[in-house]
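Remarks on the structure that follows.
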Amino acid sequence: MRSAQPVDRFVADRRARWARLADLVARAAGRVARLEADDVLELGRLYRATTSDLAIARRDFPRDVVTERLNDLVAAAHALVYSEAPTSPRRLRRLVTAEVPATVRANLPFTGAAALLLFGPWLLAYVVSLVAPEVALSSMSEALREHLAERRPGTEIPAGARPIAGPLIILNNVQVSVVAFAGGMTAGLLTAWVLVANGIVLGTTFAVLQQVGGAGYLLEFILGHGALELSAIVLSGGAGLHLAWAILRPGERSRRDALRLASAQALRTVGLVVVVLGVAGLIEANVSPTTAPAAVKAAVGLVTGVFLWGYILAGGRGTPGRLSAT
């Protein structure tokens, strides 16, 4: 086990360099053209040196907060050093194929925490509702229970309403995800509430329908779009928790700078979430409510889920000049 002294010495020897790099990044405000020529040269030099510092920190102090903060600083500097015209094809290609998945990977600890806040209450509410069914039944009107129990595959959304239902579903899901993300500005309290509340509702609903014989039909309905929709919720929740962490633990930066850096990274995750929810909404409106076999719906859910997480976990790995935090 390493002592705290090597970390302290590591930071003390490099603190001035990191502070200067952070100052240049803040002054550039996203555009390297705002810096003087000498500052641009210094930015490149400090970026290269700090990238080496990050490599050492990851090797020697992988779980220390200094590594996390250094990772954010290098990511912000990287965006300046390798900046191009926002709409250039090469810039957009690198953003989609490398920077977005790498950013989401860097945010995975927060995504994992969001998953616990969603699925933990889901499981707890499900178990409690089975143990105390009267409590679960009282949370839902008798008319609603009967309506849900009577639903069968292919009847959830009438065929004539599906062209309209798709955009409405997408809009509703995007609103939930935006609230989960923006809730990070409340130090994570709103984000946590959105995740926990949705988990409780889902767990209770499954338990109630199991008691009246409708859980299987609900499960079949969500097979096609569930993987994408639930992934989008935890990704947006993780982005919100990242903002909260920057507010609560800004490290050696000012809270404003820490929040700005976290926001730039979290917004990339939210951009991915919007695309994912668009696809999920189309599936939910046009595949999930049909009479297609459950195996077909499960295959759609499996393929789209594997594609999404394959993109997140493998996208951009090995790309020259790529950073895991960009």
Side-chain angles (χ1 to χ4, degrees), residues 1-30 32 35-36 38-83 98-99 101-113 184 187-188 238-239 241-269 313 316-326:
M1 181 176 180
R2 296 180 181 272
S3 65
Q5 183 57 37
V7 180
D8 295 339
R9 187 160 55 250
F10 175 79
V11 173
D13 291 345
R14 298 163 175 82
R15 187 191 304 273
R17 179 163 68 214
W18 301 343
R20 176 58 179 163
L21 179 60
D23 177 64
L24 290 173
V25 170
R27 284 169 49 196
V32 73
L35 299 177
E36 299 293 334
D38 290 344
D39 289 337
V40 173
L41 293 175
E42 186 179 13
L43 173 70
R45 179 178 58 80
L46 291 174
Y47 166 72
R48 290 189 294 273
T50 307
T51 299
S52 299
D53 294 340
L54 176 59
I56 296 171
R58 284 175 173 166
R59 182 195 66 193
D60 296 342
F61 323 113
R63 298 184 182 279
D64 197 280
V65 68
V66 69
T67 303
E68 177 191 340
R69 300 307 179 193
L70 196 55
N71 193 67
D72 289 346
L73 176 59
V74 170
H78 175 85
L80 284 176
V81 172
Y82 292 96
S83 62
E99 295 180 6
T103 297
V104 177
R105 282 198 299 274
N107 201 52
L108 283 180
F110 299 103
T111 303
L241 294 178
H242 192 178
L243 294 184
W245 186 257
I247 293 172
L248 298 173
R249 295 285 301 274
E252 296 183 6
R253 297 191 190 92
S254 68
R255 188 164 279 105
R256 178 180 178 180
D257 286 346
L259 184 59
R260 182 180 58 78
L261 291 174
S263 298
Q265 295 182 37
L267 283 173
R268 291 181 180 179
T269 301
L313 298 176
R317 291 189 184 275
T319 301
R322 177 194 57 80
L323 289 174
S324 64
T326 58

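The shown structure was predicted, so the numbers you read here are calculated from the model rather than taken from an experiment.
- The shortest side-chain heavy-atom distance between I56 and R14 falls under the 4.5 Å cut-off.
- By the 4.5 Å heavy-atom criterion applied to side chains, L73 and L54 are not counted as neighbours.
- Smallest separation of non-hydrogen atoms from F110 and G238: CB-O, 3.3 Å.
- Residue L243 comes nearest to S263 through the heavy atom pair CD2-OG, 3.4 Å, listed as atom of the first residue, atom of the second, then distance.
- Side chain of T67 to backbone of F61: a donor-acceptor contact under 3.5 angstrom is found.
- Between F10 and D53 there is a side-chain heavy-atom pair separated by less than 4.5 Å.
- E42 is not listed as a side-chain neighbour of L21, based on a closest heavy-atom distance of 4.5 Å or more.
- Looking at residues two or more places apart in sequence or on another chain, you find a side-chain contact (heavy atoms from CB on, under 4.5 Å) between A113 and L241.
- Of the N and O atoms on the side chains of R58 and N71, at least one donor lies less than 3.5 Å from an acceptor on the other residue.
- Pairing each heavy atom of N107 with each of A239, the nearest pair is ND2-N, 3.5 Å.
- Under the rule for a salt bridge (Lys or Arg N to Asp or Glu O under 4.0 Å), the partners of D39 that lie at least two apart in sequence or sit in another chain are R20, R27.
- A76 pairs by the side-chain contact (heavy atoms from CB on, under 4.5 Å) definition with V25, L261, not counting sequence neighbours.
- A 4.5 Å side-chain heavy-atom check between L46 and R17 finds at least one atom pair inside the cut-off.
- Within the 4.5 Å cutoff, the side chain of V11 has heavy atoms near those of the W18 side chain.
- Listed by chain and number, the residues in a side-chain contact (heavy atoms from CB on, under 4.5 Å) with L267 are F181 (sequence neighbours excluded).
- Every residue two or more places apart in sequence or in another chain that forms a side-chain contact (heavy atoms from CB on, under 4.5 Å) with R48 is listed here: R45.
- When all heavy atoms of A187 and A244 are compared, the pair lying nearest together is C-CB, 3.4 Å.
- Not counting sequence neighbours, D64 has no partner by the side-chain hydrogen bond (donor to acceptor under 3.5 Å, both in side chains) test.
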